[in-house]
Number of protein chains: 4
Amino acid sequence: MSVQTAKRRGRPRSDQAHQAILTAALEEVFAVGFRALGIDAIAAKAGVGKATIYRRWPNKAAVVMDAFLAEVGPGTGFPPAPRSLDRIRMQMEAQSKAFRSKYGMLIKSLLGEAQFDPELAEAFRERWIMPRRRLAREVIEEGIRQGDLRDDIDIEDAIDMLYAPIYYRLQIATGPVSEKYVDGIFGQVMAGLRSREKSSTARSKRQP
Amino acid sequence: MSVQTAKRRGRPRSDQAHQAILTAALEEVFAVGFRALGIDAIAAKAGVGKATIYRRWPNKAAVVMDAFLAEVGPGTGFPPAPRSLDRIRMQMEAQSKAFRSKYGMLIKSLLGEAQFDPELAEAFRERWIMPRRRLAREVIEEGIRQGDLRDDIDIEDAIDMLYAPIYYRLQIATGPVSEKYVDGIFGQVMAGLRSREKSSTARSKRQP
Amino acid sequence: MSVQTAKRRGRPRSDQAHQAILTAALEEVFAVGFRALGIDAIAAKAGVGKATIYRRWPNKAAVVMDAFLAEVGPGTGFPPAPRSLDRIRMQMEAQSKAFRSKYGMLIKSLLGEAQFDPELAEAFRERWIMPRRRLAREVIEEGIRQGDLRDDIDIEDAIDMLYAPIYYRLQIATGPVSEKYVDGIFGQVMAGLRSREKSSTARSKRQP
Amino acid sequence: MSVQTAKRRGRPRSDQAHQAILTAALEEVFAVGFRALGIDAIAAKAGVGKATIYRRWPNKAAVVMDAFLAEVGPGTGFPPAPRSLDRIRMQMEAQSKAFRSKYGMLIKSLLGEAQFDPELAEAFRERWIMPRRRLAREVIEEGIRQGDLRDDIDIEDAIDMLYAPIYYRLQIATGPVSEKYVDGIFGQVMAGLRSREKSSTARSKRQP
DNA sequence: GGCTAAGCGAGACGGTACGTCTAGTCTTGGG
DNA sequence: CCCAAGACTAGACGTACCGTCTCGCTTAGCC
């Protein structure tokens with residue numbers, strides 16, 4: 001509120017240029033890959049001076065990060081499901097599906113690059129990882145309230161167990177991030193998190 | 001057979017240069033970080049021509065990979081423990097301890113870089129990840145034989161659930177890779193993998 | 001006629017801004033030199049928008065040219081002297097003195113820049129060089145009338161011989177533009193221009 | 001002699017690249033002019049990396065200076081003439097002819113640029129100006145020995161009077177650097193430098 | 001002992017991207 | 001129509017690093 005109240009003087013920044021840059025960045029990164037991507041190429045394709053890019057972002061990783069988030073949106077909401085456990089599984093499957101798509105390469109690249117760029121790392125964490133973790137946390141808390149999950153579990157740890165393997169496979173490629181894999185992880189983790197009294201019902205869902 | 005048997009003609013490669021390069025690479029990478037590291041700097045510090053490096057490694061990532069592995073050794077063996085579950089936990093704790101040390105940054109960097117370099121990715125997988133997975137697999141199989149773990153679990157998935165969170169936190173830094181964290185993950189995962197029977201009928205599991 | 005008579009519409013140009021720009025330009029050029037001088041810096045120091053500068057001058061050279069001329073005035077008139085030859089010498093010495101002052105650098109810079117900028121070259125010639133040449137021409141013509149100088153000399157060539165060496169030394173620095181130097185040039189050139197007859201028959205020269 | 005005795009180690013600099021750069025620089029400067037000339041263009045045309053240029057010259061002016069001198073050679077020697085005065089005139093005419101050629105623009109540019117670049121200024125003075133001044137000095141001294149010129153003249157001043165006007169016209173363009181102009185200057189200056197006893201002979205040479 | 005092959009340190013090479021800079025133009029809201 | 005502010009396109013600049021190459025030299029095995 002207070003930040004922009006003092007009306008900025010001078011020519012305002014062009015939203016059109018902003019959008020053109022993000023679009024060009026995304027096209028380029030899909031065309032040539034993250035490493036081969038050059039700021040000059042983005043500027044040329046966007047019909048923009050390099051200075052206009054550097055005025056807004058510190059480096060190409062930040063541009064691509066913004067372009068990526070502008071494309072995939074803030075949080076890929078989930079349709080409600082009767083069983084909260086189903087919602088978790090659906091969430092994981094949606095995530096893994098994104099990883100298998102062309103955006104998987106982008107996430108790989110951004111996470112890889114983030115290992116060398118603390119600011120990018122923070123942006124990746126706060127703008128990509130955390131929104132999804134918060135979603136997951138809500139669903140898990142709902143599962144606890146519904147009695148499907150034990151009430152003594154560590155939710156953060158639970159989220160890690162569910163989602164870390166997906167990132168692990170994306171990055172290390174010990175195997176595909178297939179739907180089958182995700183279901184397997186989900187099932188095994190749930191075996192440890194599920195309430196004793198309901199375990200028979202829950203278990204039968206996927207393998208009747 | 002023929003490669004090394006037929007004594008190479010000409011001047012043999014200098015082991016001294018080899019070692020100097022690895023040492024210099026490690027010192028440099030700790031001094032300035034992986035990204036800022038340059039082949040020229042390694043060559044200069046090692047008192048070696050650049051060509052001597054390129055004759056042996058394709059790029060700096062490969063050099064650092066070798067230097068790293070030469071330093072940390074092949075597999076950090078584990079002292080046997082009476083309970084196989086204890087061995088798994090000890091193994092995880094040892095791994096996380098390495099991640100917290102100065103080598104954590106190296107692993108972060110190598111895994112990050114591997115996202116852009118398929119050859120490095122394969123080297124990282126085959127020379128760092130897989131040896132440790134094989135170790136883990138042995139211990140888990142032992143746990144199954146001892147009846148501590150159910151015999152219907154997917155061992156690969158189990159390894160992922162145990163170790164992926166450690167890499168996840170190393171890279172995404174949603175929290176520290178502390179001993180407490182590792183124990184928490186271990187406990188929750190084991191809650192789902194452990195045999196229901198109190199390990200008394202362990203021997204009978206393989207012949208139902 | 002129409003340009004200024006028909007009262008310009010809209011807000012009139014600010015004389016204050018005009019002066020601020022010239023002052024700022026001169027200060028800057030003395031502070032950082034002509035090459036390092038930037039339009040942005042002038043605008044900032046003058047508290048003026050860049051457009052206000054470009055609305056009045058085509059480039060920085062023109063600004064500095066104007067600032068320079070506004071400072072040194074149109075023509076540095078000379079006090080009359082009994083002997084016209086003395087007036088020429090005095091004029092040369094005054095010129096060389098200006099060259100040794102801080103304005104020398106400005107003249108050097110403007111003349112240097114003029115080699116790349118035809119408009120600046122013309123401005124420099126018409127507004128700096130020519131007024132001084134005309135002054136010199138008058139004095140020489142007076143010398144001829146007085147019989148001190150031969151009446152068959154080429155006045156333009158004479159001016160060149162007298163003044164060119166000063167510019168030559170300013171630019172090429174084969175030696176200082178000292179008073180002694182100027183006197184030497186004056187003396188040698190005069191040796192060739194002076195009337196053979198000891199100025200007694202001066203009046204008779206125009207009717208041979 | 002001593003400088004290069006300690007045989008340089010490493011790969012020697014390529015004379016071929018050196019030559020290609022100078023040739024390209026000259027072609028480019030004639031094609032687009034000094035100001036519009038870019039290091040990138042030279043590098044591209046020469047088939048050379050930019051670093052190779054910057055390794056040898058500090059900036060484009062230095063490159064063009066070298067290219068220019070390599071083209072016009074060290075000193076444009078003069079054919080001997082019976083009369084030393086004739087040799088001076090011939091020398092001046094040769095110089096002015098060069099100024100009228102395509103090299104005139106180069107000299108203009110280099111001298112203009114030299115006003116902003118002390119190193120270039122020194123190079124221009126020592127490698128272009130001074131060799132020609134030394135030639136002129138020799139001829140003038142010969143003229144004195146032969147008795148054509150007075151023996152009390154200041155030779156440096158005499159050279160300035162003869163040559164400065166040519167540079168003056170080149171730069172300020174108060175008129176063309178024509179042969180007629182040069183002859184005029186020569187004549188008038190000589191009128192002041194010539195020995196009295198021989199003046200009748202010398203004068204009749206050009207206007208019999 | 002001479003020959004040939006390969007390795008060695010040094011450092012120049014072509015190439016490419018970077019991020020900075022300046023110029024000159026354009027777009028705001030306000031006078 | 002002018003003003004200050006500041007964003008805009010365009011493109012040169014000089015740096016840095018990469019991975020290759022070319023020197024003269026050294027170190028080995030083989031003839």
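Order of the sequence lines fixes the chain letters, A, B, ..., with proteins taken first and strands second; residue numbering starts at 1 for each chain.
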Length of the CD-C1' vector between E113(B) and dC18(F), whole Å: 13 Å
Nearest-Å distance for atom pair CZ/P, residues R56(A) and dA7(F): 9 Å
Whichever of P12(A) and L37(B) has its nearest DNA chain F nucleotide further upstream toward 5': P12(A)
Geometric cation-pi criterion K60(B) and F34(B), 6.0 Å radius, 45° cone: yes
NZ/NE/NH1/NH2 to OD/OE distance under 4.0 Å, D66(B) and R127(B): yes
Nearest-Å distance for atom pair CZ/P, residues R35(A) and dT16(E): 18 Å
Most 5' of S14(B) and N59(C) on DNA chain E, judged by nearest nucleotide: S14(B)
side-chain hydrogen bond (donor to acceptor under 3.5 Å, both in side chains) between H18(B) and R56(B), worked out: CA-CA 9 Å; H18(B) 198 91; R56(B) 298 158 192 245; 3.0 Å; yes
Value in whole Å for how far the C1' atom of dG31(E) lies from CZ of R9(A): 13 Å
Lys/Arg N to Asp/Glu carboxylate O, E113(D) vs R35(C), below 4.0 Å: yes
Protein-nucleotide distance (I53(A), atom CD1; dC21(E), atom C1'), rounded to Å: 16 Å
Sugar-phosphate only, base, or nothing, as touched by T52(B) at under 4.0 Å among non-hydrogen atoms: sugar-phosphate
A51(B) or D40(B), whichever maps to the more 5' nucleotide of DNA chain F: D40(B)
Protein-nucleotide distance (I42(C), atom CD1; dA23(E), atom P), rounded to Å: 8 Å
Donor/acceptor link under 3.5 angstrom from R11(B) side chain onto base of dC8(E): no
Interatomic distance where CH2 belongs to W57(A) and C1' belongs to dA7(F) [whole Å]: 14 Å
K50(C) (side chain) and dG24(E) (base): donor-acceptor pair under 3.5 Å: yes
d(NZ, K60(C); P, dT25(E)) in whole Å: 16 Å
Pairwise 5' ranking along DNA chain E for R13(B) and P58(A), keeping only the more 5' one: R13(B)
Least distance between heavy atoms, E28(B) atom then A41(B) atom: OE1-CB, 3.6 Å
dC8(F) OP1/OP2 closer than 4.0 Å to side-chain N/O of R55(A): yes
